[in-house]
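See below for the structure under consideration.
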Amino acid sequence: MQVVETNGAQIPVIGLGTWDLRGRVCARVVEQALRLGYRHIDTAEMYDNEREVGEGLRASGVKRQDVFVTTKIWPSHLAPLELERATKESLARLRLTEVDLLLIHWPSPKIPLSETIPALCKMKTAGFAKNIGVSNFTTTLLDEAVRLSTEPLITDQIEWHPFLDQSKVRAACAKYGIAITAYSPIAKGKAAGDKELKLIGLHHRKTAAQVCLRYLIQEGAIVIPRTSKVERLSENLGALDFTLDEAEMDEVRKLASPGGRMVTMGSAPDWD
């Protein structure tokens, strides 16, 4: 599996997003993904599926050290003592002694980063997380987080797909050597029906979704498409075996707009 190197860490470039996967479906999809060659699984406290992710990891037979596991702490648990408790509870549900990456899921409107970032750093130095990072952080919040952190932040996990212009956050991440992990990378299915992505795909004998993922990978992103269908797992890996030329990349770039967002803080579940 191809990796992205960022602030001393290596993150597999394609991961499995597990938002809204539950129960046996979640465990089965995680197991099958790992058997097919995935080496990066993304979960979160809020997803309510960490137990099933752990079950799928163990059932796959893949060695623990060969899988990059990410989980995320919900904003209502970002005060220092709450963050530590939530981290330990996530590890217990996953049945792991540490995760490869621990993220702040969303910035909290109530708890200042001056409290949260040192607590997040402590989770790394205490051995609960190999790496730390953030999610859904704006450029201003990234500046503050980097200033406050005594440990490298390795990623900002954000919504990114061809229909959303994320150039400002990308520039901020590049300044600090922070990788971008793209969630909703096929825009909640919108990519599959896009005429331009389909045309490019015909040239490569690929689907529009594969073109979408390939575009993001060539732009330097880590992608974590979510699927509940085992057959889609192989399709996503098909983004690794072809290359878009610069003219095709430019055509995809033209799809972006500042208003192309599919996920907003307001549409996320309540903080509490």
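For clarity, every value in this text was computed on a predicted model and none was experimentally measured.
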Given Lys188 and Val263, is the side chain to side chain contact (heavy atoms under 4.5 Å, CB included) satisfied, shown in steps? CA-CA 10 Å; Lys188 294 189 173 182; Val263 179; 3.9 Å; yes

In sequence, state the C-alpha distance, the side-chain angles, and the governing distance for Ser184 and Glu159, and then conclude on side chain to side chain donor-acceptor pair (under 3.5 Å). CA-CA 6 Å; Ser184 297; Glu159 179 185 351; 5.5 Å; no

Walk me through whether Arg93 and Asp48 qualify under salt bridge (Lys or Arg N to Asp or Glu O under 4.0 Å). CA-CA 10 Å; Arg93 288 188 290 268; Asp48 192 28; over 6 Å; no

Test side chain to side chain contact (heavy atoms under 4.5 Å, CB included) on Val53 and Leu21; report intermediate values, then the result. CA-CA 9 Å; Val53 167; Leu21 297 181; over 6 Å; no

Thr125 and Glu151: CA distance, side-chain angles, deciding distance, side chain to side chain contact (heavy atoms under 4.5 Å, CB included) verdict: CA-CA 9 Å; Thr125 58; Glu151 298 290 334; 3.3 Å; yes

Under the side chain to side chain contact (heavy atoms under 4.5 Å, CB included) criterion, do Arg28 and Val230 qualify, and how do the steps go? CA-CA 8 Å; Arg28 179 177 61 88; Val230 171; 2.9 Å; yes

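In terms of the side-chain hydrogen bond (donor to acceptor under 3.5 Å, both in side chains) criterion, residue partners of Gln218 (sequence neighbours excluded) are, by chain and number, Arg214. The ring-ring contact (aromatic ring centres under 6.0 Å, His included) check on His203 picks up nothing, with sequence neighbours excluded. A search for side chain to side chain contact (heavy atoms under 4.5 Å, CB included) contacts involving Pro152 returns Asn7, Lys124, not counting sequence neighbours. Every residue meeting the ring-ring contact (aromatic ring centres under 6.0 Å, His included) condition with Phe163, not counting sequence neighbours, appears here in chain and number order: His161.
At a threshold of 4.5 Å between non-hydrogen side-chain atoms, the residues Val62 and Arg39 count as touching. Put simply, the side chain of Leu83 reaches to within 4.5 Å of the side chain of Thr87, judged on heavy atoms. With a 4.5 Å cut-off on side-chain heavy atoms, Leu153 and Leu142 do not count as touching. Side-chain contact between Leu78 and Glu115 is absent, with no heavy-atom pair separated by less than 4.5 Å. Side-chain contact between Glu82 and Ile111 is absent, with no heavy-atom pair separated by less than 4.5 Å. Counting only heavy atoms from C-beta outward, the side chains of Leu141 and Glu144 approach each other to under 4.5 Å. Using a 4.5 Å heavy-atom cutoff, the side chains of Val30 and Ser60 are not in contact. Side-chain contact between Ile178 and Phe137 is absent, with no heavy-atom pair separated by less than 4.5 Å.
Residue-environment remark: CZ (Arg51) stays at or below the threshold of 12 foreign heavy atoms within 6.0 Å. Enclosure of atom CZ in Arg95 is not indicated, since only 12 or fewer non-hydrogen atoms of other residues, nucleotides or ligands lie within 6.0 angstrom.
What you find for Val4 and Gly220 is that their closest heavy atoms are CG2-O, 4.3 Å. When all heavy atoms of Cys173 and Asp156 are compared, the pair lying nearest together is SG-CB, 3.9 Å. When all heavy atoms are compared, the tightest approach of Ala33 to Leu233 is N-CD1, 3.6 Å. Looking at every heavy atom in both residues, Gly56 comes nearest to Leu34 through O-CD1, 4.2 Å. Tyr176 and Asp143 make their closest contact through OH-OD1, 2.7 Å (heavy atoms, listed as atom of the first residue, atom of the second, distance). Closest approach of Val252 and Pro162 over heavy atoms only: CG1-CB, 3.6 Å.
Gln210 places a side-chain N or O within 3.5 Å of a backbone atom of Thr207 that can act as its donor or acceptor partner. Distance alone, capped at 3.5 Å, places no donor-acceptor pair between the Lys130 side chain and the Val99 backbone. Distance alone, capped at 3.5 Å, places no donor-acceptor pair between the Tyr183 side chain and the Trp19 backbone. Remark: side-chain polar atoms of Ser149 are not paired, donor with acceptor, to backbone N or O of Val146 under 3.5 angstrom. Checking side-chain atoms of Glu45 against main-chain N and O of Trp74 turns up a donor-acceptor pair under 3.5 Å. Distance alone, capped at 3.5 Å, is enough to place a donor-acceptor pair between the His40 side chain and the Pro12 backbone. Proximity of a side-chain donor or acceptor of Thr6 to a complementary backbone N or O of Gly177 within less than 3.5 Å is detected. Of the possible donor and acceptor atoms, none in the side chain of Gln166 sits under 3.5 Å from a partner among the backbone N and O of Trp160. Of the possible polar contacts, one joining the Thr155 side chain to the Ala179 backbone as a donor-acceptor pair under 3.5 Å is found.
Leu164 and Leu197 are assigned to two separate hydrophobic clusters, defined by single-linkage of ILVMFWY side chains at heavy-atom distances under 4.5 Å. Placement of Ile14 and Val3 in two distinct hydrophobic clusters is found when ILVMFWY residues are connected by side-chain heavy-atom separations under 4.5 Å, directly or transitively. In this structure, Tyr215 is not a member of the same hydrophobic cluster as Leu199, with clusters built from ILVMFWY side-chain heavy atoms closer than 4.5 Å.
For the pair Asp42 and Arg226, the salt-bridge criterion is not met [side-chain N within less than 4.0 Å of a carboxylate O]. The residues Arg64 and Asp100 are annotated as salt-bridged, a charged nitrogen and a carboxylate oxygen being separated by less than 4.0 angstrom. Salt bridge present: Glu55 and Arg24 bring a charged side-chain N and a carboxylate O closer than 4.0 Å.
Between Tyr47 and His105, the angle of the ring planes goes over 60°, which puts this pair in the perpendicular group of the 30/60° scheme.
Separating the CD atom in Glu50 from the OG1 atom in Thr71 is a distance of 3.5 Å, to the nearest 0.5 Å. Distance CD1/Ile222 to CD1/Ile154: 7.0 Å, rounded to 0.5 Å. From Ile117, atom CD1 reaches atom CD1 of Ile132 across 7.0 Å, with rounding to the nearest 0.5 Å. Here OG1 of Thr116 is found 12.5 Å from NE2 of His77. Values are rounded to the nearest 0.5 Å. To the nearest 0.5 Å, the span separating CE on Met46 from OG on Ser90 amounts to 12.0 Å. With rounding to the nearest 0.5 angstrom, the CD atom of Glu84 is 6.0 Å from the CZ atom of Phe128.
For the salt bridge (charged side-chain N to carboxylate O under 4.0 Å, His left out) condition, the pairs that include at least one residue of residues 228-239, sequence neighbours left out, are Arg232-Glu235. Residue pairs satisfying the salt bridge (charged side-chain N to carboxylate O under 4.0 Å, His left out) criterion with at least one member in residues 238-255, sequence neighbours excluded, are listed as follows: Lys206-Asp241, Glu219-Arg253, Glu246-Arg253, Asp250-Arg253, Glu251-Lys254.
Among Ser135, Pro75, Ser76, the single residue meeting the side-chain contact (heavy atoms from CB on, under 4.5 Å) criterion with Trp106 is Pro75. The one candidate from Ile224, Leu213, Leu36 that meets the side-chain contact (heavy atoms from CB on, under 4.5 Å) condition with Asn236 is Leu213.
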